[in-house]
Amino acid sequence: VLAAGRDLAGLSMIVTAGGTREPIDPVRYIGNHSSGKMGFAIASAAARRGAAVTLVSTVPYLADEPGVDVVEVDTAGEMARAVWGRAAESDVVVMAAAVADFRPVNPADHKIKRSRDGIPTVEFEATEDVLAGVVAMEERPIVVGFAAEAGDLEDAERKAKDKGVDLLVANDIARPGSGFGSDTNEVTVIDADGSSESWELMPKDEVADKLLDRIRDLNA
Ligand code: CTP
C-alpha cells in the first residue's frame with residue numbers, strides 16, 4: 001500500500017525555481033516576475049512520488065514536503081554552482097527557474113546615493129548558462145528546460161534542438177492563465193526529436209504530474 005504511487009522511487013532530481021536577483025548595489029537588484037510556483041509544483045509532486053529532490057530556489061519554499069532538500073540562492077552564479085556541483089550525482093535536472101541572462105558588471109559595494117552619485121549607468125555582462133553547462137557534461141542527467149515565449153511555437157521547437165535538452169516546456173506568458181504568478185499553466189512540451197504536444201490549461205500541480213510521467217518514461 002505504501003509503495004502505491006511511488007513510481008519515482010530511486011530517482012534523484014534537481015529542480016530550480018524562481019527568478020534570480022542580480023545585484024546593482026547592496027540594496028538593489030535586477031530581477032524578474034517568476035513566482036517559483038511551477039518549480040515548487042514539480043518538486044512537491046516528484047517527492048510525493050518517491051524521488052529524492054534538491055530544490056535550488058530563489059524564493060522560500062513553504063510546502064515543507066518530506067523528500068525535498070532546499071538550497072536557497074540569489075544569483076545566476078550561485079544557482080550555477082549549486083546545480084553544477086550536484087548534477088553528476090543526479091538523474092534529472094529540471095530548469096524551471098527564470099535565470100537572468102545578464103547581470104551588472106562590478107556591483108557597487110555601497111548603496112548608490114542619489115544625492116551624491118547622481119543617476120548611475122549600469123553596464124551588463126553575460127551570466128552563466130546553467131542549462132548549457134549541464135547539457136555539456138560528459139555523462140549528463142536527463143535535462144528539462146523551460147521557455148517563456150510570446151506566441152511563437154516554432155521558436156520553441158528550434159530552442160529545444162539548439163539547447164540539446166531532452167524536453168522543453170514552452171509556455172506562452174501572454175495567454176490568460178499562463179503568466180507569472182498564476183496557479184495554472186498552458187504548455188507545449190517538445191522532445192529532442194522536435195515532436196510537440198500541447199496540453200490544455202490546467203493547474204500547475206497537474207502540469208507537474210504529466211511532466212513527471214514524461215520524465216519517468218524517458219528514464220525507463
Ligand atoms: N537558463 C539557464 N541559464 C541562463 C538562462 C536560462 O539555465 N543563464 C535556462 C532556464 O532555466 C530555462 C531556459 O534556460 O530552462 C530558458 O531559456 P530562455 O531564456 O528561454 O532561452 P534563451 O536562450 O535565453 O532565449 P531568448 O533568446 O528567447 O532569451
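Predicted, not measured: the structure shown is a model, and the values here were computed from it. Atoms within a ligand are numbered from 1 in the order they appear, just like the ligands themselves.
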Original post:
Heavy atom under 4.0 Å from ligand 1: found in T127's side chain, backbone, both, or neither?
Top reply: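 Side chain only.
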Original post:
Relative to ligand 1, is A76 under 4.0 angstrom through side chain, backbone, both or neither, heavy atoms considered?
Top reply: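 It is neither; nothing of A76 touches ligand 1.
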Any heavy atom of [X] closer to ligand 1 than 4.0 angstrom?
| X | result |
| --- | --- |
| A100 | yes |
| K163 | yes |
| E149 | no |

Original post:
Which of the atoms in ligand 1, numbered in the order shown and given with their element, are less than 4.0 Å from a heavy-atom of M95?
Top reply: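 What qualifies from ligand 1 is 7 (O), 11 (O), 12 (C), 15 (O).
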**OP:** Number the atoms of ligand 1 from 1 as they appear, then name those within less than 4.0 Å of a heavy atom of G145, with their elements.
**Re:**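 So the atoms of ligand 1 that pass are 15 (O).
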Using a strict 4.0 Å threshold on nitrogen-to-oxygen distance, state whether [X] and [Y] make a salt bridge.
| X | Y | value |
| --- | --- | --- |
| R140 | D166 | yes |
| R214 | D217 | no |
| R49 | D7 | yes |
| K204 | D183 | no |
| R103 | E128 | yes |
| R216 | D213 | yes |

Identify the closest protein heavy atom to [atom]: which residue and atom is it, and at what distance?
| atom | value |
| --- | --- |
| atom 14 (O) of ligand 1 | L131 CD1, 4.0 Å |
| atom 6 (C) of ligand 1 | V99 CB, 3.9 Å |
| atom 3 (N) of ligand 1 | V130 N, 3.1 Å |
| atom 5 (C) of ligand 1 | D101 OD1, 3.2 Å |
| atom 26 (P) of ligand 1 | K159 NZ, 3.8 Å |

Original post:
With distance as the sole criterion, is a donor-acceptor pair present between the side chains of T184 and E186 under 3.5 Å?
Top reply: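 No donor-acceptor contact under 3.5 Å links the two side chains.
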Original post:
Using the ring of each side chain (for Trp, its six-membered ring), is F180 parallel, tilted or perpendicular to H33, with breaks at 30° and 60°?
Top reply: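 Tilted: the ring planes of F180 and H33 meet at 30° to 60°.
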Subject >> F40 and L55: CA distance, side-chain angles, deciding distance, side-chain contact (heavy atoms from CB on, under 4.5 Å) verdict >> reply: CA-CA 8 Å; F40 291 169; L55 176 66; 3.9 Å; yes
Do ligand 1 and [X] have nitrogen or oxygen atoms that lie under 3.5 Å from each other?
| X | result |
| --- | --- |
| V144 | no |
| E128 | yes |
| F146 | yes |
| A147 | no |
| A97 | yes |

Original post:
Between N219 and I215, is there a donor-acceptor pair closer than 3.5 Å when you use the side chain of the first and the backbone of the second?
Top reply: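 No; judged by distance alone, with no hydrogens or angles, the pair does not exist.
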Subject >> Stepwise salt bridge (Lys or Arg N to Asp or Glu O under 4.0 Å) check, R21 with D74 >> reply: CA-CA 5 Å; R21 290 184 285 266; D74 274 320; 2.7 Å; yes
